[in-house]
Amino acid sequence: MICRERHSEDYCAMYDICGAREDGKVVNCPFGSPSVKPDDLLSQKIQSLCPTITGNVCCSEAQFETLRSQVQQAIPFLVGCPACLRNFLNLFCELTCSPHQSMFINVTSTDKVKGNLTVSGIEFYVYDAFGEGLYESCKDVKFGTMNSRALNFIGAGAKNFTEWYAFIGRRAPLNLPGSPYAMTFKPSAPESSGMKPMNVSTYSCGDISLGCSCGDCPQSPVCANTDPPPHQAGASCTVRIGSFKAKCVDFILTILYVILVSMFLGWGLFNRKRERDQSSRMNSVSNIKDSGEATGKKDENLPTQMLEDSSQTGSRVQLSIVQGYMSKFYRCYGTWVARNPILVLSLSLAAILLLCLGLIRFKVETRPEKLWVGPGSKAAEEKSFFDTHLAPFYRIEQLILATVPEAGAQKGPSIVTENNIKLLFEIQKKVDGIHANYSGTMVSLTDICLKPLDKDCATQSVLQYFQMDPQNLDNYGGVEHVNYCLQHYTSADTCRSAFKAPLDPSTALGGFSGNNYLEASAFIVTYPVNNVIDTKGNEIDKAVAWEKAFIQLVKVCSLSQPSDCVYDV
């Protein structure tokens with residue numbers, strides 16, 4: 001008989017999956033059981049995602065795969081700060097797989113799904129220190145695509161860890177993102193229960209080893225310490241000559257420069273003097289020879305060496321051994337080339353073609369990470385590990401529509417009008433209608449787009465103030481609703497996007513100053529697209545096929561009236 005109320009070390013509060021809700025979300029079994037030792041493959045998988053979990057575990061392989069698929073939805077939002085991501089993963093790793101699960105998890109309610117008993121509510125005992133550390137490490141993390149706080153999307157804009165816990169712990173209605181069972185977070189357990197709150201260490205975003213950027217962690221000591229290091233007395237060497245003062249390095253470089261210049265000038269003067277002496281010597285010998293020929297006899301006292309020098313230098317320049325060899329070689333080579341022109345041209349052409357064989361494997365690299373990071377570098381290895389075990393950064397497609405300035409004006413008129421919003425809906429309908437053919441399969445935007453909460457695309461567009469539904473344009477009040485949302489996009493529920501997150505106007509509008517969003521002269525529509533590591537390339541090729549069709553549609557529309565553009569893939 002299994003004791004279902006047992007709370008002790010190496011014991012589970014819920015193990016394995018006992019069913020699924022109508023919307024497909026799986027739910028755990030509420031039966032307590034001893035923790036189990038996973039096989040080597042499952043152990044490696046758990047270690048890659050949850051390094052704090054070792055030895056026995058309280059999750060089956062199906063539970064772990066569900067955990068990994070769920071946390072991967074949050075990874076794109078938190079990837080900018082590894083410390084925040086690590087703390088966030090630890091929370092759910094401990095909840096799902098900790099071998100001491102029953103010490104801080106208490107099943108409070110159950111449901112029946114197709115005759116099986118399943119978990120519908122739990123109490124999760126966690127020390128406040130963990131919650132504070134988790135929130136502090138994540139509160140400033142930005143979601144790059146939307147240029148807003150990640151907690152706006154995975155925490156409903158929580159202002160503290162209790163609000164974040166409340167968002168995480170609510171039980172999601174059918175067909176809506178969230179947890180399939182309710183979680184109540186509590187900082188302490190009843191003494192009589194024998195339970196103890198989870199006490200896992202948290203990482204500060206200022207931890208240099210985890211590499212959070214200053215944009216995601218302004219309080220990091222690396223980012224806060226912008227003052228130059230203090231000057232240390234006596235650390236620099238100087239030379240003083242009278243009123244003249246210079247650094248030792250500058251003084252030494254100046255001395256070396258003077259020495260080099262002096263050597264160069266001295267060598268030039270020496271060679272010039274030597275040439276003059278030789279010229280004077282040659283003139284003297286020439287005069288003596290002319291005098292001898294005039295008298296019909298040679299002076300017996302004329303030095304033999306001078307006569308020899310005259311015979312060598314009078315008719316040609318004496319070459320060195322190297323110069324003589326090169327002169328002889330190139331004279332022979334030139335003669336051979338002149339006598340065999342066809343052979344020389346043929347050999348030259350053959351050599352060129354041989355060297356061009358490498359162009360057969362020539363490939364233009366367009367990926368920035370391949371252009372700027374060496375394949376064997378530490379950064380490349382870390383990125384490969386992250387992409388393989390978690391998820392790579394998403395792809396981005398963007399569409400910009402702007403008003404045309406009137407004659408003499410430097411800026412176009414405001415684009416935030418009723419007609420322009422209707423036009424944007426028409427263009428969005430054509431984008432949604434793109435179906436690219438990939439190996440006989442039709443690929444649409446919903447097949448490849450980033451879905452933070454696994455339902456709706458995270459499209460960044462002013463149309464999100466109407467949940468991307470053209471029928472809401474009139475229901476919500478048209479352009480007046482847009483004007484309202486531009487000022488209350490974080491607080492008004494009616495302004496939340498289709499994927500249940502606020503939309504920062506600065507990510508959907510352009511051509512305005514400050515917070516004067518109504519002056520915007522451009523709509524900016526961004527489509528984040530899933531990116532995966534796929535050795536066969538199928539998933540990436542699907543995205544590329546859709547991107548090509550999207551570009552073609554934009555080209556067609558740019559050459560005609562947007563309302564008239566039609567493109568069939």
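The first residue of the sequence shown is numbered 1, and numbering continues consecutively from there.
- Salt bridge present: Arg171 and Asp111 bring a charged side-chain N and a carboxylate O closer than 4.0 Å.
- Relative orientation of the Trp546 and Tyr527 rings is perpendicular, given thresholds of 30° and 60° on the angle between their planes.
- Taken from CG in Asn152 to NZ in Lys142, the straight-line distance is 10.0 Å, to the nearest 0.5 Å.
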Margin query: Does Cys58 form a side-chain contact (heavy atoms from CB on, under 4.5 Å) with Cys97? I'd like the steps, not just the answer.
Written below: CA-CA 5 Å; Cys58 280; Cys97 293; 5.9 Å; no
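- At least one side-chain heavy atom of Trp164 sits less than 4.5 Å from a side-chain heavy atom of Leu151.
- Between Glu65 and Arg68 there is a salt bridge, with a side-chain nitrogen of the basic residue lying less than 4.0 Å from a carboxylate oxygen of the acidic one.
- Between Met14 and Cys29, the closest side-chain pair of non-hydrogen atoms is not below 4.5 Å.
- For the pair Lys451/Phe499, no side-chain contact is recorded, criterion being any heavy-atom separation below 4.5 Å from C-beta on.
- Ile53 is listed as a side-chain neighbour of Val57, based on a closest heavy-atom distance under 4.5 Å.
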Checklist line | Val431/Leu553 under side-chain contact (heavy atoms from CB on, under 4.5 Å): CA gap, chis, key distance, verdict | finding: CA-CA 8 Å; Val431 173; Leu553 172 67; 4.2 Å; yes
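- Checked against Gln63 for a side chain to side chain donor-acceptor pair (under 3.5 Å), the options Thr96, Asp16, Asn28 give a single hit: Asn28.
- Inter-residue side-chain proximity for Ile524 and Thr507 is flagged as unmet; no heavy-atom pair is nearer than 4.5 Å.
- Phe104 and Phe124 have parallel rings, their planes meeting at less than 30° on a 0 to 90° scale where 60° marks the start of perpendicular.
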Next item on the list: Apply side-chain contact (heavy atoms from CB on, under 4.5 Å) to the pair Phe77 and Val141, showing each step before the final yes or no.
Entry: CA-CA 8 Å; Phe77 296 96; Val141 176; over 6 Å; no
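- With respect to Glu123 and Lys186, a salt bridge is recorded, a charged nitrogen being found less than 4.0 Å from a carboxylate O.
- Taking both residues in full, the closest heavy atoms of Cys457 and Thr446 are given as SG-CA, 4.1 Å, listed atom of the first, atom of the second, then distance.
- Under the salt bridge (charged side-chain N to carboxylate O under 4.0 Å, His left out) criterion, Asp10 pairs with no residue, sequence neighbours left out.
- Inter-residue side-chain proximity for Phe523 and Leu424 is flagged as met; some heavy-atom pair is nearer than 4.5 Å.
- Looking only at distances, no side-chain donor or acceptor of Thr202 sits under 3.5 Å from a matching main-chain atom of Gly133.
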